[in-house]
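Worksheet: one structure, shown below.
First the proteins, then the strands, lettered A, B, ... as listed; each starts at 1.
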Amino acid sequence: MTFQSRLIKVFVVVLLALFIAGNVSAREKLRVGMECDYYPFNYKDTSGELMGYDVDVAKGLAEILDVEIVYICQAWDGMIPALLANKFDLIIASMSITKSRAKKIDFSTPYRVSAGQILGPKKMKVKLFDEQDNLIPENFKGLRVGLERATTYSSWFKAKLPGADIVLYDGTEPAYLDLVNGRVDIIMTNPMKAHLKFLSKPNGAGFEFKSPPINEVDYFGTGVGIGMRKGQDELKARLNAGLKKLITEGKLTEYALKIFPFAIHNEEWKDIE
Amino acid sequence: MEAIAGWWDDYFWASIVVFKVFIASLLFMVLFGLIGAMAKLSNNRIAQKLASAYTIVFRGTPEILVILLLYFGSAIALTSIAQVFNPDIKFLDVPPFWAGTFAISVIVGSYATETFRGAFLGVDPGHVEAARALGLSDFQSFIHVRIPEMWRIALPPFGNHMLSLVKDTALISIIGLNETLFVAKQATSFTGKPFVMYILVGCIYLAFSTVITLTVMGFEKFGNRHLKEAL
Amino acid sequence: MTESVALIFDSVLKMLVGLGMTLQLLIISSGLGLILAVILLLMRISGKWYLNLPAQIYIYIFRGTPILVQIFIIYYGLPQFEFIRDSIFWPILREGYGCAIVALFLNSGAYTSEILRGGVLAVDQGLLEAASALGMSKPQRFLYILTPIATRISLPAYSNEFISMLKSTSLASTITVADMTGIGRTIVAQTFAPYEIFLSLAIIYMILTFFIQRSFGWIENRLSRYTKKLGIS
């Protein structure tokens, strides 16, 4: 039996040593969680480098706050649980500031507008919204909707159209793929991304928006913000100050213009306390 | 085919990750399997019950759940364990590589426990007695007699366990490990060509499986060389 | 603490709704897999290279690649091709459910055929020779001697494969199927309580495994009752 207990002791010591070694560092390190697969806000290009609006915001903040940023890729539906389990310190992943999320985590001031829009094939004649942009629930019957788990889009759909035939995905890209190959009839997603990545490309030629941009504050919040665990007021203040600087120095506009022909934040946000 | 063009190096590094996970989980799997088998074979009732619980729990739970549980719950569990040793530690975090490696080692280790147990029972008791009669200590007879004879018997099913380890690595992509399936997902959203990307992942894993199978066959030949039939 | 208990209770009820889906995936793919396995087995033991080789290649590919990759190739990869979307298979492949069953049964068929082959090889040659001496033809020997004995021998390994299939059904959650794991992940995404939900889910799977093992054990005992009486193994 002594051999066994020796083995076990060696194993525990090795394990502990590995973890402690991993935690030694010099400059303040902030771990940032993002999807890494959400073009054009956070994604990897062919050289494996992380790029996108969210990544630029993170880099900008790192400079202003003088911290080292470590990026951690995380599947969307596990984003908040991972933050709470201390996998990373911040969520900079285009996460909308909603009431239900704010119950579990804190948010910074917003850094991007948040809205959803429904995409569908051009040849679909049924109108889902009338001229006054009101929802026509009956016309959704028989339509299969693709939505991502744990998003503002799925909450909106569940609340407004509880009887809909919903298919839930682990990420955005699979939903687009399935829209193209006809597995789902419509999807609800970010309009900026839809326009840039999809509608303007050959893949999206046969598709169009089937709804106006939907940005009800109850479901989409005031915008997209940085998520962090509760009780870190000092960190929140530093981040908000940093974001304010990014707005006033025109950096947010600069980041947005890299991808879109317009800014995607609200200038008034620099005045939020 | 041009779609893959920019991604060769990503797949290459991702394959290195698969290899690293394999080596790390192999070591842990053997460790867990040996500990479990010894516990089951010992005379200690508590050890036997614990080992039984270990095999029942991990042979009956889907791998993906164990991976997700270890990823989300590990920080909490390990922090409490670590605080027993060093109360100053505030939190211990487990990156996806280790959470995933640990998860698959624990699962395949539970199967390995049964394999090793059967193999230990297959060692001729006469050999062990002879070793003791020659004056070898328990530890020495374990190292020089029981283990060499045991691994030869365990080799075929052990080869299957190694294959399981390699294939389970694909599951760790779900918690963000940068291995080949994860790269394929990202490459798919960039290029819009899922078939090619996923087939490539299949080929990479097939290559790993083939190498492992051939290696195990080689070891089997080596381990059984003294049993070559006299013509 | 009471909030946790209420959450677990509520979630377990929701996840058990997925039990039907999980069992469907398990039984249908194992059933189809068994049929495929017998076909592959016959090809493997036929002795003809043009049957043996394709079967071997098929088994090699499906046992050498992770099942998650197989699922992704079928669900995400196949629709890339126009001819798939226009074919008669599209109604099946259109659904995550259909794709999951296809991937699972193709995989199960490969593993099961190897298990059955092991069982066939383990049948005592003497019995087959005796049957041959008694004038039984090859198909008769296969049906009346080989199959019953090989089945009994393969049963322990097959029960392991069946339980493996149960665990693999949880992977269907990655392609939108609402099985127990799929529902569990959705609940975790809404409540941010991974520990409680996944632990309860794991316990449900363990209970299922227990029942499956018991059932197979009972079947094994029934099939082996004549060996106990006669004292053979």
Where on A:D170 is there a heavy atom nearer than 4.5 Å to chain C: the side chain, the backbone, both, or neither? side chain

Does any non-hydrogen side-chain atom of C:T186 lie less than 4.5 Å from one of A:L168? yes

Gap separating the CD atom of C:Q190 from the OG atom of A:S100, nearest 0.5 angstrom: 9.5 Å

Quick one: are C:T176 and A:V167 in side-chain contact, heavy atoms under 4.5 Å? yes

Looking only at heavy atoms, which two atoms of A:K104 and C:T191 are closest? And how far apart? NZ-O, 3.6 Å

Taken in chain and number order and not counting sequence neighbours, the residues that satisfy ring-ring contact (aromatic ring centres under 6.0 Å, His included) with C:Y111 are none

Identify the residues of residues 224-237 of chain A whose heavy atoms come closer than 4.5 Å to a heavy atom of chain C, ordered by number, or report 'none'. none

A:C36: what forms a disulfide bond (SG atoms under 2.5 Å apart) with it, not counting sequence neighbours? A:C73

Are there more than 12 heavy atoms of other residues, nucleotides or ligands under 6.0 Å from atom CZ of C:F81? yes

Option that, when pairs with chain C are counted at under 4.5 Å, heavy atom only, ranks first among A:V184, A:L83, A:N181: A:N181

Which residues share a salt bridge (charged side-chain N to carboxylate O under 4.0 Å, His left out) with A:D178, sequence neighbours left out: A:R183

Can you tell me which portion of A:L177 sits under 4.5 Å from chain C's heavy atoms? Options are side chain, backbone, both or neither. side chain

What part of C:R94 lies closer than 4.5 angstrom to a heavy atom of chain A: side chain, backbone, both or neither? both

